[in-house]
Amino acid sequence: MIENAKFALSEIEAKQEKFIDHATKIWEHPEVAFKEVKAAAWTAQLLREEGFDVVENYAGVPTAIRASFGSSGPVIGLLGEYDALPGMSQQVSTNKEAIVEGGPGHGCGHNLLGTTTAAAAIGIKKEMEERGIAGTIVYFGCPAEEVLVGKPFMARRGAFDDIDCAFAWHPGTSNNVNLGTMTAINSARFHFKGVTAHAGADPHNGRSALDAAELMNVGANFLREHVTSDVRIHYVLTEAGTAPNIVPDKASSWYYMRALSRPVVVDTYERIVKIAHGAAMMTDTEVEVEYGGGCYNTLPNKALSEVLHEAMIEIGVPEYTQEEIGFAKELNATSPNYQRLVDSGRIPDGMHIRTDIGPIAKENGFASTDVGDVMHIAPCSSFSTATYNAGAGGHSWQITSCANTSIGMKGMLYAAKVMAVASLRVFEDSELLSKAKEEFQLATKGVPYVCPVTDDMEVPQ
């Protein structure tokens, strides 16, 4: 038993069935971004029963939670999420079988995520009580990570301003800590308005909103040559007219702009807006820009990452039964990702659930997470543990399936223990926290956080 966390680890072990039941209940009732009414209420109740001071509807976000224990510093935040993905309904099965066709499901494992950090907080509280450790532990229930603005909406009201540092975790296919960067993002919809006309009889009287949308896309695609190589621009047309013989008077596109730093995203967004206005001018139409917010790039803290990595090694990965390995093997047989990982030497052939702990990596990723916003407010680091089969693809039915199995639950409990050990070490080592803060100041260069969610934006209902 790890000495600095023996009470915490015992508490997590003793209450593991309670945590498994909680994660299962959220999995069975998947709720998408900003609709996590049941998950938020259940999580608030769990923490309230465990003696935390709980605030619901936190920071003006109806499904956000702040649950705290303690009254002094340092203050450590643990970031929880519980939103599901649309269209990811899936049975616990090695075949693709929806529970509700087209329904939501936990295709990113957030039923595990929100429970892990709650379990860690409960374990930490026990250790603090038994050993008289000073400090405050705060669980943040953060909605809507999948649409990347949940934490920014919370940050707009100062939700994370009082923490000294934070830890985050995400379910995954491997056990690792990564110092690489995930991208910042802006989202925007562009609504073009023109004039209808008969496309055959009098097209000269029409002003095509669709022409404007398509010209905007052309301009955006030419822009790709003139941005840095980390920029990603992707879009869809969400409205494009009703019939070929009617000049469309309405057309809309939805854009994401990503890059490895927030300033580059802002610059790219501003240039895309200019392209939209240019397309409107070329077609004698009008354009309305509906800014959808965004998030910061991640900024993992090396000092905190090293503590997480050490805790992962000290605790050790879970052991898996032959039944669990067989379940994962069947899933891997349906996933081309698995064979690619084997062929590239990233995992040994026959390892169907990752049982290795990788070294601290520094691999950039081009997905995004609003954990990055917290990382620009206070020192923060994140890690992953194996909760799915090794070949599961991101946002896939395989993840939904595993997220309600013993494979997922073992990875969840392992992560809770790692987070508890790491947090307690920060509480008891002031030099470690000072090192993390010094690193944070160097990384941010003293530039203050500017919330990507503007004051006029309302929380989606």
Side-chain angles (χ1 to χ4, degrees), residues 4-5 8 74-81 113-114 116-117 119-121 123-124 135 137-140 142 145 151 155 159-160 163-172 174-184 260-262 295-315 357-365 367-387 411-412 414-444 449:
N4 84 306
V75 181
I76 299 177
L78 306 182
L79 307 180
E81 299 161 13
L113 199 165
T116 286
T117 43
I124 293 164
I137 192 73
V138 181
Y139 171 92
F140 292 101
C142 307
E145 189 278 336
K151 293 179 190 68
F160 310 105
I163 59 174
D164 291 292
C165 70
F167 287 109
W169 169 77
H170 202 284
S174 60
N175 306 292
N176 75 304
V177 181
N178 186 7
L179 287 172
T181 302
M182 296 177 70
T183 52
L260 291 174
S261 74
R262 183 78 198 147
C295 69
Y296 270 69
N297 55 288
T298 57
L299 190 71
N301 187 278
K302 186 170 182 286
L304 297 180
S305 295
E306 288 173 348
V307 174
L308 287 170
H309 188 249
E310 290 168 6
M312 292 178 77
I313 293 170
E314 289 177 11
I315 295 169
I357 300 172
I360 296 177
K362 192 169 185 179
E363 298 179 0
N364 292 337
S368 307
T369 172
D370 60 13
V371 171
D373 287 72
V374 181
M375 289 180 166
H376 283 262
I377 296 170
C380 177
S381 195
S382 183
F383 68 109
S384 292
T385 61
T387 54
M412 174 187 79
Y414 174 40
K417 294 174 183 177
V418 170
M419 191 175 284
V421 169
S423 298
L424 287 162
R425 288 190 176 157
V426 173
F427 273 135
E428 298 189 283
D429 188 343
S430 59
E431 289 186 14
L432 171 58
L433 184 56
S434 295
K435 184 179 177 182
K437 288 185 174 183
E438 181 180 348
E439 180 189 332
F440 172 78
Q441 290 298 325
L442 288 171
T444 58
Y449 171 78

Next on the checklist: Any heavy-atom pair between the side chains of F383 and M419 that's under 4.5 Å?
Outcome noted: yes

Checklist entry - If you look at every heavy atom in W169 and G411, which pair is closest and at what distance? => result CZ2-O, 4.1 Å

Checklist entry - Do other residues, nucleotides or ligands put more than 12 heavy atoms under 6.0 Å from E314 CD? => result yes

Item to check | Residue pair F160 / K151, side-chain heavy-atom distance below 4.5 Å | outcome: yes

Checklist entry - Under 3.5 Å, side chain of D164 to main-chain N/O of I76, donor-acceptor pair present? => result no

Checklist entry - Rounded to the nearest 0.5 Å, what separation is found between the CG atom of L308 and the CD1 atom of I313? => result 11.5 Å

Checklist entry - Counting N and O atoms only, with roles assigned by atom type, does the side chain of T116 sit under 3.5 Å from a partner on the main chain of M412, one being a donor and the other an acceptor? => result yes

Next on the checklist: Quick check: do L433 and C165 have side-chain heavy atoms less than 4.5 Å from each other?
Outcome noted: yes

Checklist entry - What is the minimum heavy-atom distance between V374 and A166, and which atoms define it? => result CG1-CB, 4.2 Å

Checklist entry - Roughly how far apart are K437 NZ and S430 OG, rounded to 0.5 Å? => result 10.5 Å

Next on the checklist: Minimum heavy-atom separation for N301 and P379, please, with both atom names.
Outcome noted: ND2-CB, 3.7 Å

Checklist entry - Do you know the tightest heavy-atom contact between C295 and T369? => result SG-O, 3.8 Å

Checklist entry - CG of L78 to CD1 of I137: how many Å apart, nearest 0.5 Å? => result 4.0 Å

Checklist entry - Closest approach of D370 and E145, non-hydrogen atoms and distance? => result OD1-CG, 3.4 Å

Item to check | SB check K435 E439 (cutoff 4.0 Å) | outcome: no

Checklist entry - How long is the span from the CZ atom in F167 to the OG atom in S305, to the nearest 0.5 Å? => result 8.5 Å

Checklist outcome for this item: Rounding to 0.5 Å, atoms CG (N4) and CZ (R425) come to a distance of 4.5 Å

Item to check | N/O donor-acceptor pair under 3.5 Å between T298 side chain and G372 backbone | outcome: no

Next on the checklist: Once rounded to the nearest 0.5 Å, what's the spacing between atom CZ of R262 and atom NE2 of H376?
Outcome noted: 9.5 Å

Item to check | Check: S384 side chain, N176 main-chain N or O, donor-acceptor pair, under 3.5 Å | outcome: no

Item to check | Side-chain (Y414) to main-chain (M312) donor-acceptor, under 3.5 angstrom | outcome: yes

Next on the checklist: Can a donor-acceptor pair be found, under 3.5 Å and without considering hydrogens, that links the side chain of T183 to the backbone of N297?
Outcome noted: no

Item to check | Considering all heavy atoms, the nearest V421-A5 contact | outcome: CG2-CB, 3.8 Å

Next on the checklist: With side chain to side chain contact (heavy atoms under 4.5 Å, CB included) as the criterion, how do T117 and L79 come out once you've worked through the C-alpha distance, each side chain's angles and the decisive distance to 0.1 Å?
Outcome noted: CA-CA 7 Å; T117 43; L79 307 180; 5.6 Å; no

